Amino acid sequence: MSQPFIEVHGLTKYFPVGRRRVLKAVDGIQFTIQKGETLGLVGESGCGKTTAGRTVIRLYEPTSGRVLIGGTDITRLKRSGLKAFRRKMQMIFQDPYASLNPRMTVLDIIGEALDIHGLVKSRTERKYRVEQLLELVGLSAEHASRYPHEFSGGQRQRIGITRALAVEPEFIVCDEPISALDVSIQAQIVNLLIDLQKKMGLTYLFVAHDLAMVKYVSDRIAVMYLGKIVELARSEDLYDDPQHPYTQALLSAIPIPDPEAEAKKERIILRGELPNPMNPPSGCPFRTRCPHAKERCAQEAPAFREVRPGHWAACHLHA
Amino acid sequence: MGKTILEVRDLRVSFEVYGGEVEAVRGVSFHVCEGEAVAIVGESGSGKSVTAQAIMRLIAMPPGKFKSGSVIFEGRDLLTISEKEMQKVRGNKIGMIFQDPMTSLNPTMTIGMQIMESLIKHQRLRKSAAKARAIELLAMVGIPDPETRMKQYPHQMSGGMRQRVMIAIALACNPALLIADEPTTALDVTIQAQVMQFMKELQQNTNTSIILITHDLGVVVDLCDRVIVMYAGQIVETGTKWEIFKNPQHPYTKGLLKSLPRLDQPKNEPLIPIYGTPPDMIQPPQGCGFCSRCESAMRICERQDPEWTAISETQSVRCWLQSAGEKAAAVVGGKEADA
């Protein structure tokens with residue numbers, strides 16, 4: 001296999017929360033993404049998936065670890081070098097209502113990105129470029145002079161996508177880009193993202209909790225639990241043959257909109273809830289809810305190992 | 001099925017706003033039988049939550065107003081009885097679970113007091129008896145160590161826990177009908193599975209009728225027998241879950257099901273979205289509400305509201321594609337076909 005486009009090694013992000021205590025939001029994760037590939041990152045709220053996405057593109061300063069994008073370690077970049085790199089990596093946010101400035105027109109929201117990176121020379125060129133981009137995502141040129149409140153949720157998300165695309169990035173972190181949208185609109189946005197990926201050769205890190213949608217979008221999927229990646233595999237392998245008990249429970253919990261499949265399915269109902277990340281369990285983080293937990297799980301954290309080619313899991317069951 | 005416990009007839013609810021009148025619910029009729037779980041599905045703005053709030057008379061007036069309709073529960077029209085009478089129904093005979101467990105509990109009251117409140121008011125229990133019952137309820141909804149939890153405040157609990165507390169409050173007086181408005185939308189999938197499992201057991205054990213309001217078609221299958229699909233303030237299709245999921249007739253229902261990815265769907269097979277957006281309810285379309293997004297729209301769809309067509313004894317649909325030819329034979333005119 002060729003050199004991966006994105007390489008993340010031992011990435012951690014700790015937040016200080018007073019009295020010298022730290023919250024280990026992301027606790028030593030590693031993964032790679034090939035050029036043009038989509039890696040899905042799933043987990044429940046509070047597992048650290050959004051923090052992971054933001055730390056990878058240095059919206060948060062990592063506590064430790066390395067992130068290599070196209071061979072350059074971006075965690076070491078200084079101001080000017082970082083700005084040049086920002087052009088290559090962009091983000092699409094979850095909430096299309098909160099992530100657009102309500103006092104700016106669409107032209108300025110998108111134009112701002114062009115200005116910062118000096119990508120246009122004149123006002124006419126700026127306007128032309130914005131209109132061109134709007135048409136690319138299925139909006140029309142006349143939308144440029146409007147304000148965010150004049151748009152529906154799905155349209156706003158298209159504006160968010162346009163802003164990310166304006167600087168011609170190579171890598172985009174999509175942080176729950178569809179979870180605030182209605183079901184009938186979600187498919188529109190997902191199709192657009194896949195379409196753009198094909199046209200422009202984009203690489204995606206797709207953070208979400210909707211497992212059916214993640215499976216559809218992603219080539220490979222990483223499952224996070226309490227700041228750690230517990231399983232990583234090709235999408236089909238993860239769904240057909242999940243190795244980690246948490247992934248198994250997570251998959252069985254998805255309600256399927258089909259009475260036939262639902263009747264056949266055996267659901268694993270997990271005990272309890274996500275432990276407090278301020279005070280994570282010893283050993284394996286999942287052991288407090290795991291139906292297979294043994295003594296060893298409390299004593300020793302399982303290593304993240306390749307259980308079969310390309311399929312990684314962190315569980316003592318597969319030692 | 002048992003006897004009908006709730007019947008909603010031609011319900012119309014509007015809201016006066018600066019720009020005019022938002023017609024949120026436009027003539028909704030359905031019924032719920034004893035021990036039955038009915039799902040109302042639809043997107044945001046389809047009028048499903050307003051329907052639920054209208055049944056409970058929780059709509060602020062003004063700006064809201066009932067334009068027409070009746071809600072028959074235990075032989076009385078809930079829309080015409082006095083507020084004092086309504087208070088004896090609300091929380092007592094009809095319980096409600098709200099979507100957001102973070103904002104629908106009182107942050108300044110202990111969990112225990114919030115459950116005991118309705119027991120003391122409706123069931124006229126003494127404080128000690130109400131406390132014992134509240135502890136019992138918390139244990140029933142699966143909250144560990146209920147005695148300690150009784151003394152705690154909502155902020156000391158997680159989202160899943162709070163939603164269980166909401167359920168405990170709704171169930172406190174053994175209601176005949178439970179209205180659950182997006183009960184699991186704010187929860188994670190593994191917690192959602194726990195809560196749904198609990199509601200299923202509840203329905204089987206106590207014969208409580210449930211109206212589940214949701215946009216998540218997966219959740220529907222798990223719990224409900226019958227499904228009502230709403231779009232732009234109207235019911236567009238109703239049927240058993242098998243009929244709705246296996247043999248949908250309305251283009252909107254079909255579109256909704258197609259826009260969801262199947263777990264075995266390959267990436268090179270694109271999702272089929274429903275193009276466009278729902279209509280503006282200040283000026284609702286004259287004809288079919290779905291007309292502007294419908295691929296099979298005909299000329300009549302723009303001009304005239306479609307009528308009900310019965311597909312089977314339990315399934316009916318409001319679409320001109322079904323009734324254009326055989327109008328006279330199958331029209332059930334605004335009333336539910338299986339009523």
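If you're wondering where the values come from, they're calculated on a predicted model, not measured in any experiment.
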Which members of residues 196-204 of chain B, sorted by number, sit under 4.5 angstrom from chain A on a heavy-atom basis?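 B:Gln197, listed by number.
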Over all heavy atoms of both residues, which pair between [X] and [Y] is shortest? Give the atoms and the distance, please.
X: B:Pro261; Y: A:Tyr216; answer: CB-CB, 3.8 Å
X: B:Gly276; Y: A:Ile185; answer: O-CD1, 3.7 Å
X: B:Val221; Y: A:Pro259; answer: CG1-CA, 3.4 Å
X: B:Leu257; Y: A:Pro257; answer: CD2-O, 4.5 Å

Counting neighbours of CD on B:Glu269 that are heavy atoms of other residues, nucleotides or ligands and sit closer than 6.0 Å, is the number greater than 12?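 Correct, the count exceeds 12.
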Distance in Å, A:Asp210 CG paired with B:Leu260 CG, rounded so as to fall on 0.5 Å steps: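 If we round to the nearest 0.5 Å, A:Asp210:CG and B:Leu260:CG are 8.5 Å apart.
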Using 0.5 Å steps for rounding, measure from the CG atom of A:Leu251 to the OG1 atom of B:Thr190.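 Answer rounded to 0.5 Å: 12.0 Å.
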Relative to chain B, which segment of A:Tyr239 carries a heavy atom at a distance below 4.5 Å: side chain, backbone, both, or neither? side chain
When the 4.5 angstrom heavy-atom criterion is applied to B:Val189 and chain A, the contacting part is both
Go through the side-chain N and O atoms of B:Ser259 and A:Gln186 and say whether any donor and acceptor fall under 3.5 Å apart.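 Looking only at side-chain atoms, A:Gln186 and B:Ser259 do not form any donor-acceptor pair under 3.5 Å.
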Residue pairs passing the salt bridge (charged side-chain N to carboxylate O under 4.0 Å, His left out) test with at least one member in residues 235-253 of chain B, sequence neighbours excluded, are A:Asp258-B:Lys246, A:Glu260-B:Lys246
Compare all side-chain heavy atoms of A:Asn191 with those of B:Pro273 and state whether any distance is below 4.5 angstrom. yes
Compare all side-chain heavy atoms of A:Arg267 with those of B:Asp222 and state whether any distance is below 4.5 angstrom. yes
Please determine, among B:Ser44, B:Gly255, B:Gly218, the option with the most heavy-atom pairs under 4.5 Å with chain A. B:Gly218
Largest heavy-atom contact set with chain A, pairs under 4.5 Å, which of B:Gln192, B:His215, B:Met161: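 Max contact count across the listed options: B:Met161.
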Is it the case that the side chain of B:Tyr275 and the backbone of A:Gln188 share a donor-acceptor pair, with hydrogens and angles ignored and the cut-off at 3.5 Å?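 No; judged by distance alone, with no hydrogens or angles, the pair does not exist.
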Given 3.5 Å as the limit, does a donor-acceptor pair link the side chain of B:Gln194 with the main chain of A:Ile269, or not? no
Listed partners of B:Phe245 passing ring pair (Phe, Tyr, Trp, His ring centres under 6.0 Å), at least two apart: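 None.
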ring-ring contact (aromatic ring centres under 6.0 Å, His included): which pairs involve residues 259-281 of chain A, sequence neighbours left out?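 For residues 259-281 of chain A, and leaving out neighbouring residues, there are no ring-ring contact (aromatic ring centres under 6.0 Å, His included) pairs at all.
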